[in-house]
Each structure stands twice: as C-alpha cells, then as structure tokens.
Amino acid sequence: MTLRIYNTLTNQKEEFIPLDPGKVRLYVCGPTVYSHSHIGHARSAVSFDVIYRYLKHLGYDINYTRNYTDIDDKIINRANADGEDWKVIAERYIESFDKDMQGLGVELPTNRPRATESIEKIIELIETLISKGYAYAVGADVFYSVRKFEGYGKLSGKNIEDLESGARVQIDERKEDPLDFALWKSSKDGEPWWKSPWGNGRPGWHIECSAMCLEWLGETIDIHGGGKDLVFPHHENEIAQSEAATGKPFARNWIHNGFVNIEKEKMSKSLGNILNISEALEENSAESIRLFLLSSQYRSPIDYTSETLKENEAKAERFYRTIKRIEEAGASSDNFDAESYEKKLAHFKAAMDDDFNTAAAIGKVFEEIAEANRSLDKAAKKGTEIPLEELGATARLFSEISAILGIFAKSPAEYFSEVKERASIDSAEIEKLVKARLAARAAKDFAKADEIRDQLTAKNIILEDRDGETFWTVKQ
RNA sequence: GGCGGCGUACCCAAGUGGUAAGGGAGCAGUCUGCAAAACUGUCAUUCAGCGGUUCGAAUCCGCUCGUCGCCUCCA
C-alpha cells in the first residue's frame, strides 16, 4: 500500500515520496490573528491534524510547522478601530485560536512560529530577491517583479496575460507592473515597524510564509497546505518568492482543503453568517464537529447545517453505544485476534492511503460497528460463546483509528456524561425517576412505569431497559 | 470576461473502466409488559441531460443544462 496525495501543482493524485526517506516536512498556513477563528479554520486545522497523525502512524519522522501571521494590515486595522495595541490584538487571538484547537482535539504542530519572530529572515530573503533582480525598492517599499519569475501561475493554472486583463486591483503608481506585489511595506505614522535597509516598515502578506518555511523546514519541503482560497495569490506568490531566492523547488506537494458553507451559503462578513469555532463548540460536541468535518473528503466543499451536525451526533452515539456493548461483553483491545485486526486495519488504511479519504475510512468503521453488533446479537440469541478475540480486534482497531482521526477516543461513560452535561440535565433528578420506574416495573405496575417514562420523554430522556437495569441518555 | 471544481436515492456521502460503500430519515419484521437500542428485510436496473469511445462507463471524450469557487482580504 502506498500513500497517494492529490497535488494542486499537477492536478492529480500522486504517490507520496518524501525528499528524504522516512522524513516529512509539512508546512501549513495558519491564521492571521485579528479575530476569533471560524469553522473554516477548524476544517483546515482538523484536515491537516489528521494528515499529520496519519503520516505519524505510517512511521514518518515528521516536522509539522504551522505559523501564526501576527503582523498584517487586518491586525493593524483592528487595532486602530478598537483603539488597542496591535500586539495585544495578536496575542489575544493567538490564545483564542489555541483554545479553539484544544477544544477540537487538534494536536499541537511541531513548531508554531510567529511572523514577527522571523523579521530578520524576511529581510534577508528580500535582500536576496533584490540582488537577484526579482524585486525592486521604491522608497521604503519593496515589490516583487512577477514577470521576472518564469513559472508564475503554475500552481493556480493562471497565465499572466489573463491576470493582467482581469485585474481588479487598484493601480499602485509605484509598481512597475500592476501584478507586482509588496514584499515590504513602509510604515505610516502610528503603525508598527521594524528597521530595514529600505526604511522602517513591515513585511508584506506573502513573504512571511516563505521565510518561516525556510527557517523551520529548509529550502524544499514535502507538503505545503492551506485552504483552497490560498492557492491564488498567496501560495502562488510564496512559490515565486522562494524559488526565485533559492533556485530550488519550494514544495513538492500542495494540499488544499475545501470550504465550509453555512446553510448553503458562503460564510462572509456581509452575510453576517460567520460561525466561530467557540460558538460551534457550544452547540455541538467536539466529537460531532470533527466527525462532520471528516465525513467528507477534505477537498470537497461541505455544508454546515444544524441538521447535519445532529446526524453526526447520532453517528457518534451509535459508535459509543457499540463500544459500550463490546466492553460490557468483556472484550478488550488487550486480547485480540491479530490476523483479524491486521485485516481490518488494512481496509481502513486503504481508504486513508487514497488521498486521506476519511469519509470512506469512517464508512469502514461503521461496517465494523454493524459486524460487532451482529455477532453480539447472535451470541445472545443462540446462547453461544461471545467471540472475545474477534471483538477485541475490533476494539483494537477502533483505538488505533481514534488516534488517527482524533474521534471516538473517549470512554463511553465519558461520552454519555458529556452529552448530559451539554443538555444541562439534572442527573440526580432523572436517576430518581428512573429508580421509581424500575420499582414500578418490578411490581408490574406498568401504568405507573409508563407514566414516569412519559414524564422523562418530555424532558428529552430516552430509556433503555436491559437485564433489570435501565440505561438512560439524552435524545440528540 | 478569464480559470477551475462539482452535479450519485428523501437528506448527507464513498466509489474515477468490470457492473452502485457507509450514515441519517421512512416502511415492515425480530426482540420487548410496552418502548428504546440492536439486528433483519425494504429503500438508485441507476449515477444532471444528450451523444461518442469500449466487450463493458457513474467512472474516459464532446456538447448542453444547473451549481459553486477563484481572479480583491479570506481557511
């Protein structure tokens, strides 16, 4: 089995071969920290989190670097609007992002550099570009000369003439060509600045990623990723900057994740439908959000609706119910049939090897769920022995998969108690009613028992009687 | 205007040349005091439409229709 990845650079799936055998250098564009992160950031983060985890599972020694862009026009605008220091803004939203990531169960990347920590590298890079003739200074501003770079457009499939004619950019008189973009911006009064050979200023939007890649991962990296919208111009410009400076290929594979729509509409400020991660986490479990994000292939657009999230909560519940059953039957991942486990794992990996097809991989999980329930039903019905080692293989498989997908990692008890917490249920009160109903049932007073159940149903509580006990949970 | 993606059942969604995974919803059954859960059966002779290539196509090619994105800040 070999891993195949869809490469935006070639528009096809390719066998993944890292530059150095056994080692992977992965860079993903992180957030510009000027506001709270939204569900779109969550998709990017979760997609690459799974890619990172899966590459680790495959045994790669992986360096995953994800930056924070903590200096940018948007941050400055926000600071001006709110009358706060730009550093305070950046710091606040870095913290906010980190908290969101923790809430979503996203693992920490190997490195999390900040743009402002790489100013020296940025300046050095710009100097190289100027000396090689790819950039020019106009006063204290420096621009990149797009036409000098031969491969410009190779990532986004655009050609310079089309861009020129369709250009909606306002003409900046200082540019030699309208397509040229800023590497270094001179600072106006009250704006943050760093000393540079061209005067006081700050880096342009694209240069910081080129610099941080170079600084943390080297001249050529294996995978560069980000949201689809970054293909042009951000990543196109990164290629132009990096390859012009080093003369070497910048990234061998480009991975871009698709967008998240909200109720069939694009998230945008004008529509006012931006859904922050923290809001999504208030309404849904992290489990169902991750499951939702991973239930489609990472490149397809997905639609966030309350209904879809509910469906995914139901999926998660089905998973935990089954795991609970498996555990209660006495099976465990410590005692498993190795051959069966390998076979099951191979099915899962075949899906993941095909461009991280988490949707298909999750499909495999639910096939296993049905299989496990079937065998438990069968044993119960016929009074035959429970196939503990076979179920152990399933349990083992699930624990391996949860380490990769970052879902299904809780104990069933934890999961169900979180469901109750989120629904703000007074467990003590429910328990009391459940006990009263059990007593009524024992006394064969079914009218009373049903009356209590109706009461509980009104509170959104579902009861399941088995073996003289009653399991209860909240209706999703 | 230029470039690119997508269109699979009631909904979500895999499948990119060998005869339609999975989940949810619905309906019927088994189980149950009744339920719930679980299981079983049912649920696309067909993959937007029309042509073409092929022994064979949801998968490849062409056209049409629909839809979305990028070209400007954006995950």
Side-chain angles (χ1 to χ4, degrees), chain A residues 8 11 13 28-32 34-35 37-48 72-74 77 153 156-159 161-170 205 225-234 236 256-261 264-269 274 291-292 295-297 299-303 305 307-308 310-319 321-322 324-325 347 351 354 357-370 372-378 380-381 441 444-447 449-450 453-454 457 461-466 470-473 475:
Chain A
T8 311
N11 285 316
K13 286 181 195 171
V28 174
C29 290
T32 298
Y34 70 105
S35 70
S37 301
H38 54 65
I39 193 74
H41 296 103
R43 184 176 197 196
S44 179
V46 169
S47 297
F48 287 102
D72 177 89
D73 289 2
K74 289 192 292 290
N77 292 341
S156 53
K158 297 185 186 304
N159 71 63
E161 307 317 318
D162 288 343
L163 284 169
E164 194 85 69
S165 61
R168 285 191 270 163
V169 285
Q170 57 278 57
W205 175 33
K228 220 166 204 156
D229 54 322
L230 295 180
V231 173
F232 188 87
H234 187 55
E236 195 69 71
H256 294 98
N257 66 272
F259 267 44
V260 180
N261 294 321
K264 298 225 186 335
E265 283 185 317
K266 183 183 169 169
M267 255 195 295
S268 74
K269 285 199 187 97
I274 305 238
L291 199 48
F292 159 69
S295 284
S296 303
Q297 216 277 341
R299 282 183 285 123
S300 346
I302 51 175
D303 194 25
T305 67
E307 196 173 330
T308 310
K310 242 191 212 166
E311 273 180 23
N312 281 289
E313 197 67 67
K315 269 189 182 178
E317 190 172 312
R318 178 162 158 82
F319 177 88
R321 274 179 196 284
T322 306
K324 185 166 180 282
R325 260 191 106 182
H347 286 147
D354 182 16
N357 193 338
T358 51
I362 290 169
K364 303 289 177 209
V365 171
F366 283 95
E367 282 177 36
E368 291 298 334
I369 297 266
N373 276 315
R374 252 194 302 274
S375 76
L376 282 163
D377 274 7
K378 198 175 151 194
K381 205 169 194 174
R441 286 186 70 220
K444 301 247 187 271
D445 183 354
F446 294 122
D450 287 350
R453 184 168 54 204
D454 288 346
T457 305
I461 301 297
I462 294 175
L463 303 178
E464 292 175 26
D465 297 323
R466 47 173 167 256
T470 298
F471 169 75
W472 66 273
T473 185
K475 187 168 190 273

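Residue contacts shown for A/Arg43 are absent, as no nucleic acid heavy atom lies under 4.0 Å away. Among the protein residues, A/Phe446 comes within range of the nucleic acid bases, having at least one heavy atom under 4.0 Å from a base atom. Across all strands, A/Leu463 comes closer than 4.0 Å to base atoms (heavy-atom distances). Residue A/Gly40 is in base contact, counting any heavy-atom pair closer than 4.0 Å across all strands shown. Residue-level contact check: A/His256 touches neither bases nor backbone, having no heavy atom under 4.0 Å from any strand.
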Quick test: give all pairs of protein nitrogen or oxygen and nucleotides 23-25 of chain B nitrogen or oxygen below 3.5 Å, distance rounded to 0.1 Å.
residue	atom	partner	partner atom	Å
B/G23	N2	A/Glu311	OE1	3.1

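Relative to the ring axis of A/Phe232, A/Lys158 places its NZ or CZ within 45° and under 6.0 Å from the centre.
Taking each heavy atom of A/Met267 and A/Val260 in turn, the nearest pair found is CE-O, 3.9 Å. Between A/Pro301 and A/Arg43, the closest heavy-atom pair is CA-NH1, 4.0 Å.
Listed nucleotides B/G69, B/A13, B/A75 differ in distance to A/Ser296; the shortest reach to its side chain belongs to B/A13. Considering only side-chain atoms of A/Val260, the nucleotide from B/C71, B/A36, B/A75 that sits closest is B/A75. Picking from B/A14, B/A75, B/G33 the nucleotide with the shortest atom distance to the side chain of A/Gln297 gives B/A14. The listed nucleotides are B/A14, B/C70, B/A75; the one nearest the side chain of A/Asn257 is B/A75. Side-chain proximity of A/Ile462 to B/A36, B/A38, B/A75: nearest is B/A36. Out of B/C34, B/C70, B/A75, the shortest distance to the side chain of A/Ser44 is found at B/A75. Proximity note for A/Asn373 (side chain, C-beta onward) versus B/C71, B/A38, B/A75: the nearest is B/A38. Counting only heavy atoms from C-beta on, A/Lys266 has its side chain closest to B/G69 among B/C34, B/G69, B/U30. When each of B/C73, B/C34, B/A14 is scored by its nearest atom to the side-chain atoms of A/Ser300, the top-ranked nucleotide is B/A14.
Taking only distance into account, the side chain of A/Arg441 meets the base of B/G33 through a donor-acceptor pair shorter than 3.5 Å. At a cut-off of 3.5 angstrom, the base of B/G2 holds no donor-acceptor pair with the side chain of A/Asn159. For A/Arg321 against B/A37, a side-chain-to-base donor-acceptor contact under 3.5 Å is absent.
Residue A/Arg374 places at least one side-chain N or O closer than 4.0 Å to OP1 or OP2 of B/U40.
Evaluation of A/Phe471 against the base of B/A37 yields no stacking contact (centre distance < 5.5 Å, interplanar angle < 30° required).
A salt bridge links A/Glu464 with A/Arg466: the closest approach of a Lys/Arg side-chain nitrogen to an acidic carboxylate oxygen falls below 4.0 angstrom.
In terms of the ring pair (Phe, Tyr, Trp, His ring centres under 6.0 Å) criterion, residue partners of A/Phe471 (sequence neighbours excluded) are, by chain and number, A/Phe416.
Take the nearest nucleotide of RNA chain B for A/Cys29 and for A/Ala360: the residue whose nucleotide is more 5' is A/Ala360.
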